[in-house]
Amino acid sequence: MDKLWKGRFTKNTDKTADAFNSSISIDSRMYRQDIEGSIAHAKMLGDTQIIPKDNSSEIVKCLKQMLDDINNGKLAIDTSFEDIHSFVEYELIKRIGNTGKMLHTARSRNDQVATDFVMYTKKETIDLISFIKKMIIGLTNHAKKHTATVMPGYTHLQRAQPVTLGHYLMAYAIMFLRDLKKYEKILSDMDKCPLGSAALAGTAYPIDRNMTAKALGFDKPSLNSIDSVADRDFACDVCYVNSLVMMHLSRISEEFILWASWEFKFLEISEEFSTGSSIMPQKKNPDMLELIRGKSARTFSNLNTLLVMLKGLPMAYNKDMQEDKEAVMDSIDTAKSCIDIFTKLLQGIAFLPENMKTAAQKGFINATDCADYLVSKSLPFRDAYKITGEIVNWCIKNDMVLENMPIDIYKSFSPLFEMDIYNHIDIASCVERRNSYGGTSSKSVLSQIEYVEKELNG
Ligand code: ARG
């Protein structure tokens, strides 16, 4: 078949150059957006009398039929074409002859691809929002059951202070809520329609860009035609937010991989989401979580690909930009599949509060509370800190913990200690006392859950 741009050429393109130049294996995924964009454009050409109304209606009717045919498998996308835009236009002309040749009036593939791509990215961002919502609900549902489940909180992966599992899980839920808000923000930035920018300079035809923008579900047309065909910020935006989501997912996956080990045993992953070893009969491996952690790398690389590809481009469209779709589509596919598998895995996870409690009773995670006890007896914090450090040192040497160190030993470190020290350093009471805004007490965690649920419903 002839190229759309055959006119000035007398020779055929080299076959390897053709293959190298082609993007249809990737951009065929935007066939729906391409046809919908063409329908809106054709209607507008008719309504503004740039082309006769009858011709416009015939084009629209045929494009609708083509969309149905692709959806029903009656029309296969021919991958020998340069891109999806060439295929759709060629098929239209094949079906309705000369009338089809009117479609590309006042349009370029540059504004066409920008429109298709931003429409595709908008739709996928809406999907990502609903995926991430489900994951946040999964986390808050677990958190609700564990507002009083005590576990060690860590800094430097060393036991630090007691927290609740609910608090821990809500930390992740709140991270993902921030990501959700970012998706919503970038979605509103994607609400400008590039169609009608033509090659770069706009057009002399009396087009109605408001009409096409509205028909395609955009808030308004984009402001500057050069920017519109050169802009791929929306692509970077979605790759950036996907990267954040994947970085957060990678962290919680790492956490759960550690917690699934015999050394921690804070949780058990269901068999449906675990794998075995071909040689070691005892193994139950957290492959899904490891894959999520591994796949995060792809999303970071995709963002990098876009930024590096774009950084040296002069205005306006350059063919380098054809590389954008593969990066964005891979980033979106990866983020969606990882969020989905994590949400499903989360449903079957069994947390093991007894093991968490046992771990919380070792490692002096109530040492800060012991110091705070002395502060409550009017000792300055720095002195209280020093005495408690000496007590911990004594306990380590004598194989004891704060809970079972006799009261006379306490008193030998400071006469301020009384029997109520044992209540004060009880792990559950340490947690409940941390009732500061955002803290780990069950009351505070409940209000965090309430906030997140309200945000999700609002
Ligand atoms: N396949 C191209 C892309 O993805 C479409 C735009 C081509 N425009 C052009 N003037 N060659 O970027």
Side-chain angles (χ1 to χ4, degrees), residues 1-9 11-38 40-41 70 77-93 101 103-124 190 193-203 212 216 222 225-239 302 305-333:
M1 88 296 287
D2 285 341
K3 298 265 180 342
L4 292 177
W5 36 265
K6 182 168 185 288
R8 70 100 77 199
F9 289 83
K11 290 186 184 144
N12 287 332
T13 332
D14 177 89
K15 278 204 166 19
T16 39
D18 254 347
F20 188 71
N21 193 39
S22 169
S23 59
I24 197 161
S25 63
I26 308 286
D27 60 34
S28 55
R29 288 179 68 173
M30 308 190 306
Y31 76 87
R32 179 183 291 280
Q33 289 77 18
D34 196 71
I35 296 178
E36 283 171 359
S38 295
H41 183 68
I70 297 179
I77 296 172
D78 181 348
T79 52
S80 64
F81 279 86
E82 184 181 334
D83 51 31
I84 189 65
H85 328 296
S86 318
F87 170 74
V88 170
E89 191 175 330
Y90 182 90
E91 180 66 25
L92 177 74
I93 295 169
K101 293 181 184 169
L103 173 64
H104 213 56
T105 316
R107 185 178 81 166
S108 152
R109 273 187 300 163
N110 298 350
D111 59 338
Q112 198 179 345
V113 72
T115 307
D116 293 2
F117 194 26
V118 75
M119 281 169 66
Y120 179 89
T121 310
K122 267 176 79 175
K123 174 190 151 299
E124 292 293 321
M190 287 178 215
C193 182
L195 194 62
S197 298
L200 81 164
T203 175
T212 42
L216 294 173
S222 55
S225 62
I226 299 178
D227 174 45
S228 308
V229 290
D231 171 35
R232 292 294 182 269
D233 289 2
F234 64 91
C236 299
D237 283 348
V238 77
C239 285
N302 286 324
T305 296
L306 286 184
L307 294 172
V308 177
M309 180 273 282
L310 288 163
K311 82 176 178 67
L313 298 186
M315 288 292 178
Y317 176 83
N318 297 270
K319 191 72 174 211
D320 315 45
M321 291 160 77
Q322 182 165 285
E323 291 293 308
D324 55 9
K325 281 163 250 22
E326 195 168 0
V328 168
M329 288 174 182
D330 184 70
S331 171
I332 291 171
D333 293 347

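Atom set for the values below is all heavy atoms of this structure, side chains included, hydrogens, waters and symmetry mates excluded. The shown structure was predicted, so the numbers you read here are calculated from the model rather than taken from an experiment. Both ligands and their constituent atoms are indexed starting at 1 by order of listing. This chain uses plain numbering: 1 for the first residue, then up along the sequence.
For Q322, the CD atom counts as densely surrounded, since its 6.0 Å shell holds more than 12 non-hydrogen atoms of other residues, nucleotides or ligands.
Looking at H85 next to ligand 1, no N or O pair under 3.5 Å apart turns up. In terms of polar-atom proximity, defined here as any N/O pair under 3.5 Å, S23 does make such a contact with ligand 1.
In this structure, the protein non-hydrogen atom closest to atom 10 (N) of ligand 1 is N110 OD1, 3.0 Å. What sits closest to atom 6 (C) of ligand 1 on the protein, heavy atoms only, is Y317 OH, 3.5 Å. Atom 11 (N) of ligand 1 has its closest protein heavy atom at R109 NH2, 3.7 Å. Of all protein heavy atoms, the one lying nearest to atom 1 (N) of ligand 1 is Q322 OE1, 2.7 Å. The closest protein non-hydrogen atom to atom 4 (O) of ligand 1 is K325 NZ, 2.8 Å.
No donor-acceptor pair closer than 3.5 Å links the side chain of S331 to the backbone N or O of A327. Side chain of E124 to main chain of M329: no donor-acceptor pair is present (N/O by atom type, distance under 3.5 Å, no hydrogens or angles). Checked by atom type and distance alone, the side chain of S225 pairs as donor or acceptor with a backbone atom of L200 at under 3.5 Å.
The two residues H41 and L195 have their closest heavy-atom pair at CB-CD2, 4.2 Å. For the pair A199 and V229, the tightest heavy-atom approach, listed with the atom from each and the gap, is O-CG2, 3.5 Å.
No heavy atom of E82 sits closer than 4.0 Å to any atom of ligand 1.
Using modelled atom types and a 3.5 Å distance limit, the side chains of D83 and S86 yield a donor-acceptor pair.
The D83 neighbourhood of ligand 1 comprises atoms 1 (N), 2 (C), 5 (C), with distances under 4.0 Å to a heavy atom of that residue.
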